[in-house]
Amino acid sequence: MNLTAKVLTGMLLGIVVGLTINLTQANITGSFINEYIVNGLFYVTGKMFVNSLKMLVVPLVLFSLICGVCGIGDIKLLGRIGSKSFILYILTTAIAIATAILIAAGLEIGKGMNAATDATFAATKAPPIAEVLISIVPSNPIQAMANGEMLSIIFFAILVGVSILLVGKKAKGLVATIELLNEVMMKMVGVIMSVAPYAVFCLLAKAISELGMDLLAQLAGYVLVLIAALLIHLFVTLQAVLFIFSRLNPVIFLRKMRNAQIFAFSTSSSNATIPVTLRTVTEKLGVNNSVASFTVPFGATINMDGTAIMQGVATVFIANVYNVDLGLTGYLTVIVMSVLASIGTAGVPGVGLIMLSMVFAQVGLPVEGIGLILGVDRLLDMIRTAVNITGDAAVSTIVAKSEGKLNIDIFNDPNAGNLDTNPIHIDDESNQEIAQTVRKTHDS
Ligand code: ASP
């Protein structure tokens with residue numbers, strides 16, 4: 001079995017085991033399964049895996065983006081890649097939320113439902129645009145890296161890259177070193193991916209075993225409409241956008257995205273999935289690192305199509321439950337607010353709900369309403385994260401194609417970038433050489 005097949009098997013087995021535990025209610029507090037399996041083995045293995053992905057994000061983004069900027073070598077081109085991807089990200093997010101509102105409003109979801117809920121949700125105020133803009137420039141880059149503030153890291157990395165270009169020939173050695181560091185980090189992604197099938201199994205078995213099935217059934221209208229809107233965006237809108245702007249085959253694109261989607265689905269975090277998305281986009285889809293190193297982390301932060309769809313469906317749902325008529329202006333405000341909120345927030349689990357509270361506060365919907373959908377959000381978060389990263393990859397591919405930075409042979413090659421064609425192999429002879437060099441330097 002190749003790695004993709006193994007990851008897929010891990011995912012399916014995880015879902016089956018999770019469902020079995022869930023439906024047989026073997027997961028009651030204090031039971032062996034709850035203590036040692038779900039919150040023991042599954043939890044620890046899954047968390048360790050997500051941590052190991054997160055561990056790679058900052059160094060990978062930093063090194064690959066510095067290499068990317070040096071690789072472009074032309075500041076004007078950098079500006080074009082930045083503006084094209086920004087416009088496409090905003091455009092796809094706006095289409096996503098508009099479609100969601102239309103579908104949900106057309107089906108009148110939530111009409112006649114009871115608004116009673118015990119769950120509460122505290123409102124979060126949207127950060128003022130001025131603050132979001134200011135935070136792009138880090139006053140302390142180390143702190144920004146420690147906190148994983150993606151926009152600040154991107155800003156710093158671009159500035160380092162540009163300055164290296166300005167230093168010119170003298171910086172050749174430094175560029176070679178950063179390129180090597182980037183290669184080492186990419187190898188590390190491969191090493192971590194080799195345990196992915198087991199980790200994906202554990203992550204999914206735990207998440208599915210804890211889903212509240214009763215609540216899912218109660219909110220079936222909301223859940224099904226949201227899933228349908230997400231799937232329409234994934235399979236129709238994004239693929240149409242990809243085809244219209246780049247004339248590339250959407251079927252090939254979707255097939256190559258499967259692995260990264262499973263990672264996003266299992267981790268519920270676009271940020272944690274950055275290493276896998278970056279590798280998929282460069283090695284499987286053929287996007288040059290000079291484009292991908294910018295568009296992928298940028299997209300993980302500002303582009304959240306799936307999350308925007310959730311904002312749209314949830315707004316209509318809760319407005320209907322509370323009998324509030326938002327009107328056209330209300331819905332337009334929702335669209336603008338959701339797009340803005342997605343720019344200022346990171347792709348981490350559950351952030352969609354926080355964004356939703358910002359939107360509700362703006363249009364005057366009761367924030368307690370979020371309590372209604374809180375219980376089913378775990379599963380929906382998984383699905384929308386997979387949609388989010390697919391949007392990042394689609395835009396990266398379009399921008400690369402438009403700038404002549406897409407290797408079409410790699411895009412069309414079904415085996416390109418498969419980990420199995422590039423296995424982790426240990427070269428004893430060269431390792432001995434490295435060890436000897438280190439020893440010699442040490443002795444002298
Ligand atoms: N978990 C999502 C992401 O990381 C964000 C969300 O919708 O909550 O992209």
Side-chain angles (χ1 to χ4, degrees), residues 46-47 49-51 53-54 56-58 61 89-90 92-94 96-97 99-100 121-124 126 147-151 200 203-204 206-207 211 222-223 226-227 229-231 233-234 238 257 260-278 280-281 295-315 317 334 337-360 370 373-396:
K47 226 14 203 200
F49 179 69
V50 175
N51 277 359
L53 282 176
K54 284 194 196 156
L56 298 182
V57 173
V58 174
V61 170
Y89 281 144
I90 300 295
T92 47
T93 308
I97 183 163
T99 323
F121 197 84
T124 311
N147 296 334
E149 291 156 14
M150 205 49 70
L151 293 182
V200 164
L203 283 168
L204 287 179
K206 177 169 190 310
L211 289 183
Y222 167 71
V223 173
L226 179 45
I227 294 181
L230 287 169
L231 294 181
H233 189 76
L234 180 64
L238 279 179
M257 282 307 294
Q261 284 166 343
I262 297 177
F263 278 87
F265 183 74
S266 322
T267 58
S268 291
S269 169
S270 307
N271 265 22
T273 312
I274 287 177
V276 188
T277 317
L278 196 56
T280 305
V281 168
T295 53
V296 169
F298 190 47
T301 313
I302 76 154
N303 181 53
M304 295 185 195
D305 297 355
T307 308
I309 290 171
M310 177 271 223
Q311 318 278 299
V313 176
T315 310
F317 177 71
V334 172
M337 270 305 293
S338 297
V339 172
L340 289 180
S342 70
I343 296 178
T345 41
V348 293
V351 82
L353 288 174
I354 296 170
M355 286 162 61
L356 195 60
S357 76
M358 297 177 190
V359 174
F360 277 22
I370 297 177
I373 51 169
L374 203 62
V376 292
D377 200 62
R378 180 77 185 87
L379 174 71
L380 300 168
D381 194 5
M382 293 159 74
I383 306 176
R384 62 181 188 251
T385 309
V387 176
N388 287 349
I389 63 120
T390 310
D392 303 342
V395 169
S396 304

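Both counts, for ligands and for their atoms, begin at 1 and track the order of listing.
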- [ ] For the residue pair I97 and M304, establish whether any side-chain heavy-atom pair is separated by less than 4.5 Å.
- [x] no
Open item on the list: Which residues pass the side-chain hydrogen bond (donor to acceptor under 3.5 Å, both in side chains) test with N388, not counting sequence neighbours?
Closed with: T307
Task: Contacts of T385 that satisfy side-chain hydrogen bond (donor to acceptor under 3.5 Å, both in side chains) - sequence neighbours left out - done: D381
- [ ] State, yes or no, whether a side-chain contact exists between Y89 and D305 at a heavy-atom distance under 4.5 Å.
- [x] no
TODO: Collect the protein residues that have a non-hydrogen atom under 4.0 Å from ligand 1 and hand them over in chain and number order.
DONE: S268, S269, S270, T307, G347, V348, P349, G350, V351, G352, D381, R384, T385, N388
Open item on the list: Test of understanding: with ring-ring contact (aromatic ring centres under 6.0 Å, His included), list the residues that count as partners of Y222, not counting sequence neighbours.
Closed with: F317
TODO: Check whether any side-chain heavy atom of I389 lies under 4.5 Å from a side-chain heavy atom of M257, and answer yes or no.
DONE: yes
